[in-house]
Amino acid sequence: MVSFHPPYLQELKYGTWRMCLLCFVSALGGSFFSTMFENGCKIVVGASGGVFGMFGLFMADMMINFESIAYPVLRGIAIAGFLIFFLISVITEDSGVSHLSHFGGLISGLFPSFLFLPNFVKEDWEVYLPHCGLAVIIIVFIIFPVVIYEHTLPGITC
């Protein structure tokens with residue numbers, strides 16, 4: 001029997017330590033994205049990468065456990081609406097907000113979630129999701145820091 005969890009009870013569903021670790025990893029991944037692709041003289045501070053990482057976990061759960069969650073169509077519409085709003089704000093705003101740290105947090109929360117989320121009904125295409133999650137972890141947390149510390153930071157003159 002599949003149990004239904006309201007979306008605000010993700011911590012009960014996945015555990016406090018997983019949620020804390022994913023939030024930290026997402027915030028760090030968002031910072032790496034910002035440092036890698038934005039102006040190196042611009043200082044970015046905040047927890048928004050971690051918040052977007054939690055949204056990534058929500059999206060991952062939606063993708064792999066679609067048939068076992070409550071109100072999946074309504075959740076899908078909410079996710080699509082949020083992503084459209086985020087895309088429009090990225091295109092139209094120039095307020096000094098680091099959109100890449102938000103995007104990096106989302107990616108750093110979405111793909112690593114595939115490594116530990118329970119999957120109640122496996123589909124053929126879902127076999128590749130943990131591999132994608134591992135690839136994103138390697139890129140964001142091994143390759144990005146090496147490039148940042150070896151090439152980006154030594155060349156910065158503000």
Side-chain angles (χ1 to χ4, degrees), residues 1-38 44-87 90 97-153:
M1 180 173 175
V2 177
S3 62
F4 292 102
H5 297 278
Y8 53 85
L9 295 178
Q10 282 185 326
E11 185 177 357
L12 293 176
K13 188 175 182 181
Y14 303 119
T16 302
W17 288 107
R18 284 183 186 161
M19 294 292 289
C20 287
L21 181 64
L22 187 68
C23 188
F24 177 75
V25 163
S26 300
L28 190 62
S31 296
F32 283 147
F33 262 81
S34 176
T35 306
M36 184 79 177
F37 298 112
E38 290 181 330
V44 178
V45 178
S48 58
V51 172
F52 273 76
M54 294 298 100
F55 187 69
L57 171 68
F58 183 75
M59 287 173 51
D61 188 33
M62 181 73 184
M63 288 171 61
I64 65 173
N65 294 315
F66 186 80
E67 57 281 322
S68 67
I69 59 174
Y71 310 110
V73 175
L74 185 61
R75 285 187 185 188
I77 292 169
I79 288 173
F82 176 77
L83 291 176
I84 290 169
F85 173 76
F86 178 65
L87 184 62
V90 168
V97 174
S98 175
H99 294 296
L100 277 176
S101 66
H102 296 154
F103 178 73
L106 179 68
I107 296 299
S108 299
L110 173 67
F111 286 99
S113 295
F114 295 134
L115 296 173
F116 70 85
L117 280 176
N119 193 346
F120 301 118
V121 179
K122 289 210 181 258
E123 301 288 334
D124 292 338
W125 62 273
E126 292 175 348
V127 173
Y128 301 105
L129 291 177
H131 302 294
C132 293
L134 189 59
V136 167
I137 288 174
I138 290 170
I139 291 168
V140 173
F141 297 103
I142 295 175
I143 295 174
F144 280 8
V146 168
V147 171
I148 289 167
Y149 289 109
E150 293 291 325
H151 300 289
T152 305
L153 291 180

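For reference, positions follow the sequence shown, starting with 1. Side chains included, hydrogens not; waters and symmetry mates left out as well; all remaining heavy atoms used.
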To the nearest 0.5 Å, what is the distance between [atom1] ([X]) and [atom2] ([Y])?
X	Y	atom1	atom2	result
Thr35	Tyr149	OG1	OH	7.5 Å
Glu126	Met63	CD	CE	8.0 Å
Ile137	Ile143	CD1	CD1	12.5 Å
Arg18	Leu117	CZ	CG	8.5 Å
His131	Leu115	NE2	CG	10.0 Å
Leu106	Met59	CG	CE	5.0 Å

query: Can you tell if the side chain of Pro72 reaches within under 4.5 Å of the side chain of Glu67, non-hydrogen atoms only?
result: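 With C-beta onward as the side chain, the pair stays apart.
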query: Who are the side chain to side chain contact (heavy atoms under 4.5 Å, CB included) partners of Val25, not counting sequence neighbours?
result: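 Expected list: Leu21, Phe141.
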query: Which atoms form the tightest heavy-atom contact between Ser101 and Ser98, and what is the distance?
result: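 Nearest heavy atoms, Ser101 then Ser98: OG-O, 2.7 Å.
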- request: Among Val140, Ile138, Leu134, find the one that has a side-chain contact (heavy atoms from CB on, under 4.5 Å) with Val136.
  value: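 Of Val140, Ile138, Leu134, side-chain contact (heavy atoms from CB on, under 4.5 Å) with Val136 is met by Val140 alone.
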field: Parallel, tilted or perpendicular: rings of His102 and His99 (30°, 60°)
entry: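 Aromatic pair His99/His102 classed perpendicular.
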task: Apply ring pair (Phe, Tyr, Trp, His ring centres under 6.0 Å) to Phe144 and list each qualifying residue two or more places apart in sequence or on a separate chain.
output: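 Residues passing ring pair (Phe, Tyr, Trp, His ring centres under 6.0 Å) with Phe144: Phe33, Phe37.
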message: So, using ring pair (Phe, Tyr, Trp, His ring centres under 6.0 Å) as the criterion, who are the partners of Phe82 when residues are at least two apart?
response: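 Phe82: ring pair (Phe, Tyr, Trp, His ring centres under 6.0 Å) contacts with Phe52, Phe55.
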Leu22 vs Ser113, side chain to side chain contact (heavy atoms under 4.5 Å, CB included): CA-CA, chis, key distance, verdict: CA-CA 8 Å; Leu22 187 68; Ser113 295; 3.6 Å; yes
